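Shown next, in structure tokens, is the structure this report addresses.
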Protein chains: 2
Amino acid sequence: MTSALPRVPKPEKRDRYEELLVAAAECFQKQGFSATSIDTVARYLGATKGRVYHYFPSKMDLFNAVRDRAMALAFDAIRPGYESDLPPVEKLAAMSTGHVKAMMQHHSYMQVLLDGLQMQRFGATTEFQRAAMERHLGERNAFEACFREVLQAGCDAGDLKLGRMSYILQSYLVALNGPVFWYRPREGDDDEKYATIAEDVVRFALAGVGVAEFPILSIRS
Amino acid sequence: MTSALPRVPKPEKRDRYEELLVAAAECFQKQGFSATSIDTVARYLGATKGRVYHYFPSKMDLFNAVRDRAMALAFDAIRPGYESDLPPVEKLAAMSTGHVKAMMQHHSYMQVLLDGLQMQRFGATTEFQRAAMERHLGERNAFEACFREVLQAGCDAGDLKLGRMSYILQSYLVALNGPVFWYRPREGDDDEKYATIAEDVVRFALAGVGVAEFPILSIRS
DNA sequence: GCAAACATACTACTCAGTATGTTGTCAACG
DNA sequence: CGTTGACAACATACTGAGTAGTATGTTTGC
């Protein structure tokens, strides 16, 4: 429960750490936090809990690590679009496409990420955990703020038609997050498949905020 | 785990049954299925597990009962619109508005409903449970089919612009379900507040499928 | 030979489900 | 009209199966 800063493991050690993260993401995604035991994660790797507790002091820390990684992946996915100097609508399209693709590429991580958000309901247990949750909510807010900013810019430029920003922003984001709920990874799904789905989803979301024509994307994510 | 048909309790008995359902919905919503113990639900009512097990043979049956009720509420919410003889776009608007309002009015039930859907990942445990899940997926498909049908009708009539139906349908539904994830019930929220939010959400979703102008609703839900 | 990277063994606790006890109500019977 | 007994509606007590976390081996690379 110490929730220490995410110490970066040494080069070789890093792989084992990464294996654990992936395994945990997979298990948490399949069964949820409570239903996943440390032994479940360990057995997933053909190991025992000794290995897990060697890298993470508690189940909650393991979960937090997965969630933080997921959040980082989400940021990485929208960064190219967000940091570009495209006009608002194109920028929004680029960010959205990156985000939707990431939802499918990192399906397990992203499902854990959304699960973790709902876990506010849990009511944080310890003081450390409360702090970790606080920090994470901050990151989540920063993430939403990126979209809010670009949406607002598009609105100010007269390119978007919005209702109350708060509700529209949430609706927009939940539409982008959609694939986490309804997309099931299939053998052989590649980037092309992701792009196809992402195009439809982003077209829907953009139309929702008043963009009739899907802009041509010059940014590839 | 017997998952008997939802026997309808006798008039007086019915209230206690209902109390249990509500309590269970509240607990499952707050903590999720696994993290909610039978004792949690009992204590929520100031009772003990004896009371719970008097009405439900197992935790899973309790959960299924809540989920079934939620599904019924969802159907009730879209029925007036669906069974009307409005043209497709107006029908869609009526169904959608009813659905979004229900998401907020029956927030706990609806959150459990969506949680339960994701619980496929659990991999059903017993034979009975597998059957219950099968039945529930059937209901869910029937629900989606209602929207799919009306969307298709609107598309055929040339009123909607859709991409691949499957992805658009899912995006549309997830946008409508959105409030379950981002709306937090507030003291003093009434039907008027719900209507305000629903209007924005439905406007977004309809715009997503190409309806530029929000149709006037003649059906009140 | 020593520490990292685990595995094994153990403890305290929770929780689903069951078995059994208790209380109030209502009906039939004397 | 009072007594009894049967049943519904719970509460209490208990069991067995996990499970988080810890304490303590054991191996392997350097």
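Note that this is a predicted model, so its numbers are computed, not measured. Proteins come first, then strands; the chains are lettered A, B, ... in the order of their sequence lines, and each starts at number 1.
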Item checked: Basic-acidic side-chain contact under 4.0 Å: A/R51, A/E19 -> yes
Note to self: Checking A/F147 now: which residues fulfil ring-ring contact (aromatic ring centres under 6.0 Å, His included) with it, not counting sequence neighbours?
What the structure shows: A/F143
Next item on the list: Please determine if B/K30 forms a cation-pi arrangement with B/Y44, meaning its NZ or CZ atom is less than 6.0 Å from the six-membered ring centre and no more than 45° off the ring axis.
Entry: no
Next item on the list: For B/T36, report the nucleic acid contact type (base, sugar-phosphate, nothing); a contact means any heavy atom under 4.0 Å.
Entry: sugar-phosphate
Checklist line | nucleotides 2-11 of chain C: protein proximity per nucleotide (B base, S sugar-phosphate only, - neither; heavy atom, under 4.0 Å) | finding: ---BBBB---
Check: How many Å lie between CD1 on B/I38 and C1' on D/dC14, as a whole number?
Finding: 17 Å
Check: Per the end-axis method with five pairs at each terminus, what is the bend angle of the helix from C/dG1-D/dC30 to C/dG30-D/dC1, to 10°?
Finding: 10°
Next item on the list: Could you check how far CZ of B/R43 sits from C1' of D/dC10, rounded to whole Å?
Entry: 17 Å
Check: Once you round it to whole Å, what is the distance between C1' of D/dA9 and CZ of B/F56?
Finding: 14 Å
Next item on the list: Compute both the distance and the angle, then confirm whether A/K59 meets the cation-pi test with A/Y53: under 6.0 Å from the six-membered ring centre, within 45 degrees of the axis.
Entry: no
Check: Given atom CD of B/E19 and atom P of D/dA9, what is their separation to the nearest angstrom?
Finding: 13 Å
Margin query: Expressed as a whole number of angstroms, how long is the span from A/Q31:CD to D/dG18:P?
Written below: 14 Å
Margin query: I'd like to know if B/E134 pairs up with B/R130 as an ion pair, taking the criterion as any Lys NZ or Arg NE/NH1/NH2 lying under 4.0 Å from an Asp or Glu carboxylate oxygen.
Written below: no
Check: Between A/Q129 and A/N64, do the side chains contain an N or O donor and an N or O acceptor separated by less than 3.5 Å?
Finding: yes
Checklist line | Non-neighbouring partners of A/Y194 that pass ring-ring contact (aromatic ring centres under 6.0 Å, His included), sequence neighbours left out | finding: none
Next item on the list: For A/F28 and D/dA20, give me the distance from atom CZ to atom P, rounded to whole Å.
Entry: 9 Å
Could you pull out the protein-nucleic contacts involving nucleotides 12-14 of chain C (nitrogen or oxygen on both sides, under 3.5 Å)?
none

Check: Are B/Y17 and B/F56 close enough that their ring centres sit under 6.0 Å apart?
Finding: yes
Next item on the list: Compare all side-chain heavy atoms of A/H106 with those of A/Q111 and state whether any distance is below 4.5 angstrom.
Entry: no
Checklist line | Spacing of A/K59 atom NZ relative to D/dG18 atom P, expressed in whole Å | finding: 15 Å
Margin query: I need the OH-P distance between A/Y53 and D/dT19, as an integer number of Å.
Written below: 11 Å
Donor-acceptor contacts under 3.5 Å from residues 75-82 of chain A side chains, at least two apart:
unit_1	atom_1	unit_2	atom_2	d
A/D76	OD1	A/R79	NH2	2.8
A/Y82	OH	A/E149	OE1	2.5

Check: Between B/Q105 and B/D191, do the side chains contain an N or O donor and an N or O acceptor separated by less than 3.5 Å?
Finding: yes
